[in-house]
Amino acid sequence: MKKTIFYILSSLLFLLPALMLAVKSFTPVWKWGEPLSFEWTLRGWEVFLMDPRIYEALFVSILIALAVTFLNLMVGFLTGKALSHSVFKGKGLLETFLLLPLFIPTMAAALGLHITMIRLGLANQWLGVVIVHLVPTIPYTIKVMKAGYDRVGSGMIQQAKVLGGSPFHVFRSVELPLLMPSVRSAVFLTVTISMSQYVLTAVIGGGNVITLPIIYYPFLQSVNDTVMAAFSIAFAMLPVIAVAAVELLSKILTYKGTFVNRGVT
């Protein structure tokens with residue numbers, strides 16, 4: 001009964017809106033008072049795909065998102081494990097300090113970081129945008145990975161080390177398979193947040209770094225919701241593709257003979 005209710009609510013809250021958005025991307029604009037019609041059109045996708053900047057923006061957005069995700073996972077694994085499996089004075093204060101970037105207004109952070117990027121020579125470059133995108137994403141990744149290490153515990157990791165496993169072998173055969181739910185969540189959040197950054201990208205990129213939000217947000221003032229639906233679907237697919245890529249990469253990195261793959265718990 002609970003599963004049935006869950007599937008019904010999931011369909012109503014997630015699948016149905018996505019389906020309506022997909023249909024809207026292929027139907028013309030409907031104005032109030034006009035009779036409903038189900039004529040099909042490709043204009044929304046034509047406007048999206050025929051924009052000469054869209055392919056460059058898509059490549060730059062994916063490049064930045066991948067770089068931000070990689071750095072997030074590196075920091076998330078190390079910091080999450082340290083916060084979960086270590087006990088030291090001031091641990092709670094450190095966790096609170098790591099979450100402070102989430103409470104800073106975006107515009108204030110952008111202006112402050114812009115001055116720093118100018119001094120470092122990283123303003124108006126994609127690398128500077130990557131570094132800036134770490135500010136709103138790393139706190140979430142650290143929190144998610146810490147929760148993952150809390151769930152896994154330190155017993156199995158310590159046992160693998162006692163049995164002679166090297167740190168890299170232990171990571172591939174024990175930690176990574178058990179932490180995959182947390183990794184999926186962290187990747188999805190990171191890609192979604194990075195892809196949606198407009199203010200940070202516009203300020204730090206200075207107009208030289210063109211990402212999808214730079215092209216997408218001006219269309220918010222457009223009354224053509226067919227074009228908006230096409231843009232929205234393209235935006236929504238990118239985090240899904242990123243999670244699928246991480247899933248494939250995890251299959252390559254993890255050993256086929258791990259206890260997780262053998263079904264031993």
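Every heavy atom of this structure was used, including side-chain atoms; hydrogens, water molecules and symmetry mates were not. Quick caveat, the model's predicted, so the values are computed rather than measured.
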Student: Does F70 reach the side chain of V130, with side-chain heavy atoms less than 4.5 Å apart?
Tutor: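 Sidechains of V130 and F70: no contact.
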
Student: More than 12 heavy atoms of other residues, nucleotides or ligands under 6.0 Å from CG of L100: yes or no?
Tutor: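 Check passes, neighbour count above 12.
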
Student: Give the C-alpha distance, both sets of side-chain angles, the deciding distance and a yes or no for side chain to side chain contact (heavy atoms under 4.5 Å, CB included) between I210 and V60.
Tutor: CA-CA 7 Å; I210 304 298; V60 173; over 6 Å; no

Student: With a 3.5 Å distance limit and no angle check, can you tell me whether S61 reaches the backbone of L212 through a side-chain donor-acceptor pair?
Tutor: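 Checking the backbone N and O of L212 against the side chain of S61, a donor-acceptor pair under 3.5 Å is found.
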
Student: Which pair of non-hydrogen atoms, one from V199 and one from A110, has the smallest distance, and what is that distance?
Tutor: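 Smallest interatomic distance, heavy atoms only, reads CG1-CB, 4.2 Å.
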
Student: Distance check, rounded to the nearest 0.5 Å: L134 atom CG versus I193 atom CD1?
Tutor: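 Result: 11.5 Å between the selected atoms.
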
Student: Can you name the closest pair of heavy atoms from S84 and Y149 and give their distance?
Tutor: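 Shortest heavy-atom separation between S84 and Y149 comes out as OG-C, 3.3 Å.
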
Student: Report yes or no: does T137 contribute a side-chain atom to a donor-acceptor pair with the main-chain N or O of H133 at less than 3.5 Å?
Tutor: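 Yes, because the side chain of T137 sits within donor-acceptor range (under 3.5 Å) of the backbone of H133.
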
Student: So which atom in V191 and which in P239 form the shortest heavy-atom distance, rounded to 0.1 Å?
Tutor: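 So the minimum-distance heavy-atom pair works out to CG1-CA, 3.8 Å.
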
Student: Has R151 got a side-chain atom pairing as donor or acceptor with L178's backbone, closer than 3.5 angstrom?
Tutor: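 Between the backbone of L178 and the side chain of R151 there is a qualifying donor-acceptor contact (under 3.5 Å).
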
Student: Can you tell me how far OG1 of T79 sits from CE of M145, rounded to the nearest 0.5 angstrom?
Tutor: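 If I round to the nearest 0.5 Å, the distance is 10.5 Å.
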
Student: Can you confirm whether V129 sits close enough to T211 that some side-chain heavy atom of one is under 4.5 Å from a side-chain heavy atom of the other?
Tutor: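 No, too far: nothing below the 4.5 Å cut-off.
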
Student: If you take all heavy atoms of N124 and G206, which pair is closest and at what distance?
Tutor: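 Where N124 meets G206 most closely, the heavy atoms are OD1-CA, 3.2 Å.
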
Student: I'd like to know if the side chain of S173 and the backbone of H169 have a donor-acceptor N/O pair within less than 3.5 Å.
Tutor: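 Checked: pair present.
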
Student: Work out which heavy atom in V144 is nearest to a heavy atom in S182; give both atom names and the distance.
Tutor: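 Looks like CG1-O, 3.3 Å.
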
Student: Taking atom CD of Q159 as the centre, does the number of heavy atoms from other residues, nucleotides or ligands within less than 6.0 Å exceed 12?
Tutor: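 Count not over threshold, so no.
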
Student: Under 4.5 Å between side-chain heavy atoms, counting indirect links through other Ile/Leu/Val/Met/Phe/Trp/Tyr residues: same cluster for L102 and F97 or not?
Tutor: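 Each belongs to a different hydrophobic cluster.
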
Student: Are any side-chain N or O atoms of T201 and backbone N or O atoms of Y198, one a donor and one an acceptor, separated by less than 3.5 Å?
Tutor: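 A pair under 3.5 Å: no.
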
Student: Please test V75 against T141 for side chain to side chain contact (heavy atoms under 4.5 Å, CB included), starting from the C-alpha separation and ending with a verdict.
Tutor: CA-CA 8 Å; V75 176; T141 302; over 6 Å; no

Student: Do the non-hydrogen side-chain atoms of I157 and H85 ever get within less than 4.5 Å of each other?
Tutor: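 Yes; the side chains approach each other to less than 4.5 Å.
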
Student: Enumerate the residue pairs fulfilling salt bridge (Lys or Arg N to Asp or Glu O under 4.0 Å) with a member in residues 74-91, sequence neighbours excluded, ordered by first and then second residue.
Tutor: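 Pairs touching residues 74-91 that pass the test: K81-E175.
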
Student: Within a reach of under 6.0 Å around CZ of F77, are more than 12 heavy atoms found that belong to other residues, nucleotides or ligands?
Tutor: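 Yes.
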
Student: Kindly write out the residues that satisfy salt bridge (Lys or Arg N to Asp or Glu O under 4.0 Å) with K146, not counting sequence neighbours, or none if the list is empty.
Tutor: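 Scan of K146 (salt bridge (Lys or Arg N to Asp or Glu O under 4.0 Å), adjacent residues dropped) gives D150.
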
Student: Is F88 close to L83 at the side-chain level, that is, under 4.5 Å between some pair of heavy atoms?
Tutor: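 L83 vs F88: side chains touch.
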
Student: Go through the steps to decide whether I241 and I62 satisfy the test side chain to side chain contact (heavy atoms under 4.5 Å, CB included), and finish with yes or no.
Tutor: CA-CA 10 Å; I241 294 173; I62 294 175; over 6 Å; no

Student: For the atom pair CG (L238) and CE (M195), what is the distance rounded to the nearest 0.5 Å?
Tutor: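 Answer rounded to 0.5 Å: 4.5 Å.
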
Student: Would you give the length of the straight line joining atom CD1 of I138 to atom CG of L98, rounded to the nearest 0.5 angstrom?
Tutor: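 Interatomic distance, I138 CD1 to L98 CG, rounded to 0.5 Å: 9.0 Å.
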
Student: I need the T116 OG1 to I204 CD1 distance, nearest 0.5 Å.
Tutor: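 One finds 8.5 Å between OG1 of T116 and CD1 of I204.
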
Student: Given T69 and S194, is the side chain to side chain contact (heavy atoms under 4.5 Å, CB included) satisfied, shown in steps?
Tutor: CA-CA 9 Å; T69 302; S194 177; over 6 Å; no

Student: Which distance, rounded to the nearest 0.5 Å, do you find between the OG1 of T190 and the OH of Y140?
Tutor: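 It comes to 10.5 Å.
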
Student: Are any of the side-chain heavy atoms of I131 and M117 separated by less than 4.5 Å?
Tutor: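 Yes. Closest side-chain heavy atoms under 4.5 Å.
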
